[in-house]
Structures are given as C-alpha cells and as structure tokens.
Amino acid sequence: MPDAAYARDFLMNIPAVLVANGLGLCLMAMLLLSRRMRTRVAFLDMRLFYGMCWICLLLCALESAGFLMDGRRFPGAWALVRVSNLLVYMLGAGMAFLWVCFVDYKLFKDRARLRRRAPYLAIPMGLVWLMSMANLFVDVFFGVSEQNAYFRTPLFPLLYAVMYGYLTYGAIVLHNAHKRTGGRLYMPAAAFLVPIYGGSVLQLCFYGLALIWVSTAVGLTFLYINLQNEEAFVDPLTGLYNRNYLTHYMSQAKRDVPIMGILLDLNDFKRINDTGGHMEGDRVLREMGKALRALAPGATVVRYGGDEFVVLLENARPEQVQKFRDKLVRRMEAWNRSGGLSSPISLAAGVAQFDAENFERFFREMDLNMYKEKREYYRDMEQREPEGQPIAKGKQREGGGHGGR
C-alpha cells in the first residue's frame with residue numbers, strides 16, 4: 001500500500017500518465033477513423049484488429065481515470081476505483097485473447113478452425129474475468145484502502161502471466177509459420193510485441209508509470225502499417241502474393257541465388273466461369289491458392305493474372321521442380337474425383353530459369369513453355385470431342401489470362 005511520501009511523488013506523475021495515455025487515445029482514434037476508408041473491414045481478421053483498437057482506446061481512458069481518482073475522496077470514489085481497475089484487467093485479458101485469435105485466423109484463414117479452438121483459448125481469459133469480478137468483494141488482484149489508494153496484491157503477477165502467455169503463444173505460432181513459409185510472412189510479430197513487452201515490464205516493476213497501453217497502441221499502429229503493406233502486396237481472393245509483390249521480389253532478388261520459375265495456367269478457365277458461374281470460378285482460384293501454399297511452403301507464390309500463377313523456387317534442382325508438378329497434378333486429380341466441381345480442372349505449366357539480368361526473357365520463356373502444354377491440352381480435347389460439337393481453341397485471354405478477375 002503506498003505511503004504518504006509515495007503518494008506525493010505519484011501525484012507528480014499525473015501529467016506524464018495523461019500525456020502517455022492521451023497519445024495512446026490519439027493513435028487508436030486515428031486508426032479507428034481510418035476504418036471508414038478501408039475495404040476489408042468485412043473480413044474477420046480486420047474485425048479482430050479493430051476490436052483490439054477499440055479495447056486499447058478504452059484501456060487508455062480507464063487507466064487515466066483510475067490514476068486521477070486514486071487517493072481522492074468523494075462520494076462513490078471507492079467503488080469507481082474498484083470498477084475502473086477491474087475493467088482494465090478484464091479488457092487487458094480480452095485484448096490478449098483477441099491477438100491470439102487474430103494470429104490464428106490471419107495464418108490459416110479458417111473460421112471453423114478458429115471456432116473449434118476459441119473455447120479452449122478463452123479459458124485463461126475466463127479465469128481472469130472471474131477473479132476480476134470477485135475483486136468487487138475481496139482483494140484478489142488489487143485492493144483499495146480506506147484513503148481510496150490503489151494497491152496490488154501478491155496475485156497481481158498472475159494477470160501479467162496470462163497476458164504474456166497469450167502474447168507469447170501468438171509469437172510462437174507466428175514463428176513456426178515464419179519457418180514454414182521461408183521467412184516471407186506479411187505480419188512480423190516483433191512489430192506488435194516488442195513495444196508491449198517493454199512497456200508492460202516497466203509498468204509492472206514501477207507502479208505510477210503508465211506505459212503498457214500506450215505501448216500497445218504503438219504496437220497496433222506498427223501492425224496497421226504492416227497490414228497496409230500486405231494489402232498492397234497480397235491478392236485478397238487467394239491470399240497469395242500479387243503482381244506488385246512479384247515486381248518487388250524480382251528487383252530485390254539476389255544475383256547469386258538460382259531460382260526456378262513455374263508459370264501455371266488453368267486450362268479452359270472461361271468454361272468454368274460460364275458453366276458454374278463466377279462464384280465457382282472464385283472457389284477454384286481460392287482452392288488453387290490453398291494447394292500452392294501447401295505444396296510449396298518455402299516458395300514465393302504469386303497470383304499473376306486472372307487464372308495464372310507464378311511459383312518461384314530458390315535453389316531448386318530440376319527434379320525438385322518435377323516433384324512439385326507431380327504433386328500438384330495429383331492434387332488436381334483428387335479434386336476432380338471428389339466431384340466438387342461441375343467440370344474437371346487441369347493445369348498447363350511453363351518452367352524457366354530466373355534471369356536477374358533480363359526479366360522479360362525469363363517471363364517470355366515461361367510463357368512459351370506453358371503454351372506448348374496448353375496447345376497439347378486443346379489438341380487432346382479436340383480428338384476427344386464428338387464430331388459437330390464446338391470447342392474453344394487456344395488461350396482465351398478475355399476470360400482469364402494476365403488481366404483476369
């Protein structure tokens with residue numbers, strides 16, 4: 001429990017508390033105002049992100065209110081200090097839980113998976129909430145003296161343990177995914193976590209500092225910047241890199257690292273759109289994105305155009321490229337056997353060695369090799385078609401190709 005000397009020293013920190021949390025409030029207000037200008041707010045990952053922003057804004061306000069009321073006497077002050085602090089604890093655990101949900105969905109894009117895991121992930125948060133509610137009646141995490149002064153109890157570090165547990169778990173999941181994807185994640189964990197870890201450690205050690213929530217606001221701002229970069233470099237339909245990133249990748253590619261490029265094109269994709277509708281065409285493209293990410297976890301995979309994809313394999317030998325192609329063909333065959341589509345799908349592929357000195361030659365070689373396979377596909381289709389039945393010949397750029405959807 002703070003003594004009179006401590007209270008006098010603490011009162012000198014009030015301006016610093018207000019400035020720190022005021023900065024956090026401003027940062028969160030700025031991000032939440034930008035919500036109106038974003039097109040991806042309907043996606044679950046962005047709803048979780050803005051949920052964290054709203055909670056951080058409330059935490060900055062509640063913590064400031066708690067500091068202002070600490071040690072002051074007026075009717076209802078004792079109850080207000082208790083309620084404001086328990087809300088800080090509950091919302092803090094809730095935001096850490098949302099961070100884990102955000103990471104899980106961001107990496108796996110699977111609502112069903114998140115629904116299965118969320119009840120188990122919520123157990124530590126639920127315990128904190130129950131103990132915080134009990135703090136209305138007994139001193140669990142904190143107490144309030146007769147002089148209306150806040151003080152911590154020996155159980156207080158448990159709250160930090162739960163929050164650190166969530167944050168660290170999310171970092172571990174990101175790290176493991178980082179290794180699987182060859183170091184090309186869109187969302188570095190350090191940008192979000194380092195400010196939070198630093199601010200929370202200082203505030204845990206020195207009561208009277210108000211750093212944790214402004215540090216969280218800074219972390220969320222860094223995360224927002226990375227999400228903006230992701231939107232510039234990621235195709236929203238498939239979750240793969242887009243053509244902008246491919247240009248960036250090629251400009252940064254190391255000259256001494258051999259890279260094999262594979263240009264993939266869905267055969268007769270226009271027919272899929274015409275017979276099954278564009279919703280089915282979009283489903284095919286999303287499944288292609290999942291398949292390519294799963295079969296080439298260490299590669300750079302790009303949606304190059306409407307139904308065209310580029311896979312870049314570093315330090316890959318020809319037999320590894322062929323192995324990848326064989327696995328992809330088996331995946332397509334299994335999909336066709338499942339009967340999930342109104343018409344079967346297949347791919348034409350063109351392989352070339354990446355030429356850092358001449359990008360145009362590299363793409364031209366992939367394109368020519370891909371069209372050799374595509375001509376063979378249409379030739380085989382012509383031989384199988386009954387006489388008198390029309391068949392589309394050649395590549396139809398209007399329904400797919402480099403422009404595409």
Side-chain angles (χ1 to χ4, degrees), residues 1-7 9-11 13-14 17 20-21 24 52 55-56 58-73 76-101 118-172 193 195-216 219:
M1 186 182 303
D3 57 20
Y6 177 85
D9 292 338
F10 165 66
L11 288 175
N13 290 328
I14 286 291
V17 169
N21 284 326
M52 289 190 286
I55 291 176
C56 186
L58 290 173
L59 285 166
C60 289
L62 284 169
E63 187 179 58
S64 296
F67 273 97
L68 286 170
M69 291 185 294
D70 193 66
R72 299 182 184 276
R73 298 184 183 184
W78 187 88
L80 286 173
V81 170
R82 275 201 179 268
V83 170
S84 64
N85 280 284
L86 77 86
L87 286 176
V88 166
Y89 291 171
M90 294 174 70
L91 289 173
M95 188 165 67
F97 168 72
L98 285 185
W99 157 250
V100 172
C101 294
Y120 301 101
L121 293 171
I123 290 174
M125 178 188 69
L127 292 174
V128 168
W129 283 17
L130 288 173
M131 296 173 73
S132 298
M133 292 299 292
N135 221 125
L136 285 171
F137 312 102
V138 294
D139 296 343
V140 181
F141 292 129
F142 68 93
V144 181
S145 71
E146 293 179 358
Q147 292 75 34
N148 202 35
Y150 166 94
F151 63 91
R152 297 167 177 171
T153 71
L155 284 179
F156 177 81
L158 179 62
L159 174 69
Y160 272 70
V162 169
M163 294 179 62
Y164 272 118
Y166 276 129
L167 295 174
T168 304
Y169 174 77
I172 291 172
L193 295 175
I196 298 176
Y197 280 136
S200 59
V201 167
L202 288 173
Q203 185 158 330
L204 176 64
C205 296
F206 305 103
Y207 177 72
L209 294 179
L211 294 176
I212 182 170
W213 304 124
V214 67
S215 300
T216 303

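In this text the structure is predicted, and so the values were computed from the model without any measurement. Note: hydrogens, waters and symmetry copies are ignored here, and every other heavy atom, side chains too, is used.
Note that CD1 of I55 is 11.5 Å distant from CG of L62, once rounded to the nearest 0.5 Å. Of the inter-residue distances, the one linking E146 atom CD with R73 atom CZ reads 8.5 Å to the nearest 0.5 angstrom. The CG atom of L91 sits 10.5 Å away from the CE atom of M125 when rounded to the nearest 0.5 Å.
F151 has its side chain within reach of D139: a pair of non-hydrogen atoms, C-beta onward, lies under 4.5 Å apart. At least one side-chain heavy atom of Y89 sits under 4.5 Å from a side-chain heavy atom of F156. Side-chain contact between Y197 and T168 is present, with at least one heavy-atom pair separated by less than 4.5 Å. Between L167 and I196 there is a side-chain heavy-atom pair separated by less than 4.5 Å.
Within the structure, the side chain to side chain donor-acceptor pair (under 3.5 Å) test picks out the following pairs touching residues 59-68 (sequence neighbours left out): N21-E63, N21-S64, E63-Q203.
Residues Y150 and F67 keep their aromatic ring centres 6.0 Å or farther apart.
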Show me the donor-acceptor pairs within less than 3.5 Å that the side chains of residues 126-138 make with the rest of the protein, sequence neighbours left out.
| from | atom 1 | to | atom 2 | distance (Å) |
| --- | --- | --- | --- | --- |
| W129 | NE1 | M90 | O | 2.9 |
| S132 | OG | V128 | O | 2.8 |
| N135 | OD1 | V140 | N | 3.4 |
| N135 | OD1 | F141 | N | 2.7 |
| N135 | OD1 | F142 | N | 3.3 |
| N135 | ND2 | V138 | O | 3.3 |
| N135 | ND2 | F142 | O | 2.8 |

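Shortest non-hydrogen contact noted between G199 and L211 is O-CB, 3.8 Å. Contact between S215 and P195 at its shortest, heavy atoms only, is CB-O, 3.1 Å. Taking all atoms of both residues into account, the shortest heavy-atom contact from C60 to W213 is SG-CB, 3.8 Å.
Side-chain atoms of N85 come within 3.5 Å of backbone atoms of V81 as a donor-acceptor pair (strictly under, hydrogens ignored).
A search for side chain to side chain donor-acceptor pair (under 3.5 Å) contacts involving S84 returns nothing, not counting sequence neighbours.
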